[in-house]
Protein chains: 2
Amino acid sequence: MIRPQLRPVVIEQALAAMPCTTCGARVHSACGAIDDHDLHRLASMAHIVEAPAGRVFVREGDPADSFFNISSGTARLFKELPDGRRQIVGFVGTGHFLGLAVSDTYAFTAEAIEPVRYCRFPRAKLKDLMVDFPAMEKRLLSVAANELVAAQEQMLLLGRKTSIERVASFLLAQSVLGVPCGQPRNQLSLKMGRGDIADYLGMRIETVSRAFGRLRAEKLIELLTNTDVMILDRAALEALASDGSLAARRPSAP
Amino acid sequence: MIRPQLRPVVIEQALAAMPCTTCGARVHSACGAIDDHDLHRLASMAHIVEAPAGRVFVREGDPADSFFNISSGTARLFKELPDGRRQIVGFVGTGHFLGLAVSDTYAFTAEAIEPVRYCRFPRAKLKDLMVDFPAMEKRLLSVAANELVAAQEQMLLLGRKTSIERVASFLLAQSVLGVPCGQPRNQLSLKMGRGDIADYLGMRIETVSRAFGRLRAEKLIELLTNTDVMILDRAALEALASDGSLAARRPSAP
DNA sequence: CGGTCACTTGATCGTCTTCAATACCAGTGG
DNA sequence: CCACTGGTATTGAAGACGATCAAGTGACCG
């Protein structure tokens, strides 16, 4: 474990993660809307920590005494059943905010996929800061509301979409990560493996693999490597993601 | 459609919906933490509306110009796919808050199950109020965080639980609605039909019915009527809800 | 190379869905 | 009082999708 430091480095990171401030769909970084003075106060109570890949840095059920802000890297957030079944409830990357849980314990486990650098804030002190600076609270509300909308979209996916629709939806969602305002990317480099995708989409790893295979066979995507995907036919992928249009012509197209 | 009125009736309702303020698991009503003066300002900008059963009062995709606070009744919130598949993302009852969506459109449709009375606030005015009275914003943040935790729990259910585990989880969740601090109720009166339960749990109506039947056969519940359920063996139901213990001894119990 | 690890592919199985019929319940009118 | 009706729930049988089990492929690395 790296010794915690008190440095404003985190702040530049957070600001850098906030692109065009007028865009409603932007990633809502937790400290993005804070002015310089507050940022310094914030920095003075933040610990910067680095976690190697595979490290669990938030555990479901543990006392929720801190908030986190990811400076770099990617982590998976998941919940588990006693028998080991796992559901990934989200992936978090640069600028994302963690630890909103109102209850006194964390609702999920957070584990680094690639090496993660994050800022850790004591919950109590942040509460004080929020009293003084409502902008922080407003931002947090915005973050929470955004995540809630995303969670509801994921419920639709998990409850009602077929396996191939889930993968199509997933790829499209990944293609707009970090490009909040402009054009979505057609080539993307997934940070997670098939197993994580499966646990995120409520599927088994073999089914994910077969769905990738079918999308490739249908010429909707190209697999450059295991992790690098090129979207060849975005329109068809979008049709597939929101309804069963492709599933209808499953065996062979007319 | 009832003509909107400007009355503080809503306020008493909201306060009544907030039981013991020290309980972390309480239903976080939107205006519960507001003092009298603010409450009157709030009431002055609220419209009270009544919606009969079946009425849609928020439609997914419509401009999100209002917030809502349910005074009485029950409504379902759902999202739909183009081909009609439906996923209910939640049920809202007395004291619940609606319309947090940050984006400019609603993320789900809201439809009354039983007759619903609700207060409608213009979004712009509420924003002004939040600036003056941070307590309101704090409460909203609390609401959102709570709903986020619930949404993640539902993702686990939808992605990883079997049909019977889903129904067991659902019944247990229903049994603690509105009794935030004390003992959960063992007899509950469901406000929604099998179809709504199915669309909430990501199942078909027949599968829900079979799950109820199996729980009854296993003596975990008793069906007084279609809507009134008695929990006979809460411990077994809880074991079933969080893992597959009962599923393991599926054909016959020892 | 031999090893590991992740992904893919194939074959079989099981749970849930689908389609269909029946039961139930409340309301209505003969 | 009871047949009729519409909506809802239950039950049964067949089928499909995804899970499971098992083998095979490929990349990376010591």
Side-chain angles (χ1 to χ4, degrees), chain A residues 53-54 76 81 83-87 113-114 157-168 170 189-217 221-229 240 244 246-251, chain B residues 53-54 76 81 83-87 113-114 157-168 170 189-217 221-229 240 244 246-251:
Chain A
R76 54 183 160 247
L81 291 172
D83 65 359
R85 280 174 288 177
R86 188 180 73 155
Q87 177 66 40
I113 295 178
E114 14 168 56
L157 181 150
L158 292 170
R160 287 304 181 210
K161 290 187 182 178
T162 66
S163 63
I164 196 154
E165 289 168 353
R166 294 182 196 205
V167 172
F170 172 73
S189 169
L190 303 173
K191 302 300 185 188
M192 68 296 288
R194 296 289 185 271
D196 281 340
I197 297 176
D199 282 348
Y200 182 54
L201 300 180
M203 304 160 56
R204 314 266 48 184
I205 188 171
E206 298 94 329
T207 312
V208 171
S209 185
R210 280 183 244 271
F212 270 91
R214 224 176 109 196
L215 291 176
R216 187 188 48 191
I221 65 171
E222 190 175 345
L223 291 175
L224 308 173
T225 75
N226 279 344
T227 55
D228 289 349
V229 181
L240 192 49
L246 188 65
R249 52 183 179 89
R250 188 180 329 110
Chain B
R76 52 182 162 248
L81 290 173
D83 64 359
R85 280 174 287 177
R86 188 180 74 156
Q87 177 66 40
I113 295 179
E114 14 168 55
L157 181 150
L158 291 170
R160 289 303 181 210
K161 290 187 181 177
T162 67
S163 64
I164 197 156
E165 290 167 353
R166 294 180 197 205
V167 172
F170 171 74
S189 171
L190 304 174
K191 301 302 184 187
M192 68 296 289
R194 298 288 187 271
D196 281 341
I197 297 176
D199 282 348
Y200 182 54
L201 301 180
M203 304 161 58
R204 314 265 48 182
I205 188 171
E206 296 94 331
T207 312
V208 171
S209 184
R210 282 181 242 269
F212 270 91
R214 224 175 107 197
L215 291 175
R216 187 189 48 191
I221 65 170
E222 189 175 345
L223 290 176
L224 308 173
T225 74
N226 280 342
T227 55
D228 289 349
V229 182
L240 193 49
L246 187 65
R249 52 184 178 89
R250 188 178 329 110

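Chain naming here is simple, since letters A, B, ... match the order of the sequence lines and numbering starts at 1 in each.
- Without hydrogens or angle criteria, A:R160 side chain to B:R85 main chain gives no donor-acceptor distance under 3.5 Å.
- Comparing D:dT10, C:dT18, D:dG18 by their closest approach to the side chain of B:R204 singles out C:dT18.
- Annotation: side chain of B:F212 is in contact with side chain of B:R194 (closest heavy-atom distance under 4.5 Å).
- When B:T227, B:D228, B:N226, B:I221 are each tested for a side-chain contact (heavy atoms from CB on, under 4.5 Å) with B:L224, only one passes: B:D228.
- One interatomic measurement links the two molecules: CD1 of A:I205 to C1' of C:dT9, which rounds to 13 Å at whole-angstrom precision.
- Protein atom CG of A:L223 is 12 Å distant from nucleotide atom P of C:dC7, rounded to whole Å.
- Side chain of A:Q87 to main chain of A:Y200: a donor-acceptor pair is present (N/O by atom type, distance under 3.5 Å, no hydrogens or angles).
- Rounded to an integer number of Å, the gap from CZ of B:R214 to P of D:dT11 is 14 Å.
- The phosphate of C:dT17 (OP1 or OP2) has a side-chain N or O of B:T207 nearer than 4.0 angstrom.
- B:R216 has a side-chain polar atom (N or O) that falls below the 4.0 Å cut-off from OP1 or OP2 of D:dT11.
- Atom CG in B:L201 sits roughly 16 Å away from atom C1' in C:dT17 (whole-Å rounding).
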Using a cut-off of under 3.5 Å, enumerate the N/O to N/O pairs linking the protein to nucleotides 19-26 of chain C.
| unit_1 | atom_1 | unit_2 | atom_2 | d |
| --- | --- | --- | --- | --- |
| C:dC19 | N4 | B:E206 | OE2 | 3.1 |

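- Side-chain atoms of B:S209 lie closest to D:dA9 of the nucleotides D:dA9, C:dT8, D:dA19.
- As a whole-Å value, the separation of B:I197 CD1 from D:dT8 C1' is 12 Å.
- Listed for the B:R166 side chain is a donor-acceptor partner under 3.5 Å among the backbone atoms of B:L158.
- Note: NZ (A:K161) to C1' (D:dC17) measures 18 Å, nearest angstrom.
- A 4.5 Å side-chain heavy-atom check between B:R86 and B:D196 finds at least one atom pair inside the cut-off.
- Counting only heavy atoms from C-beta on, B:R194 has its side chain closest to D:dT10 among D:dT10, C:dT8, D:dG18.
- Between B:D199 atom CG and C:dT17 atom C1' there is a gap of 14 Å when expressed in whole angstrom units.
- As a whole-Å value, the separation of A:I164 CD1 from D:dG18 P is 9 Å.
- Where A:R160 and A:T227 each meet DNA chain C at their nearest nucleotide, the meeting point lying more 5' is that of A:T227.
- Using a 4.5 Å cut-off on side-chain heavy atoms (C-beta onward), A:L201 and A:K161 make no contact.
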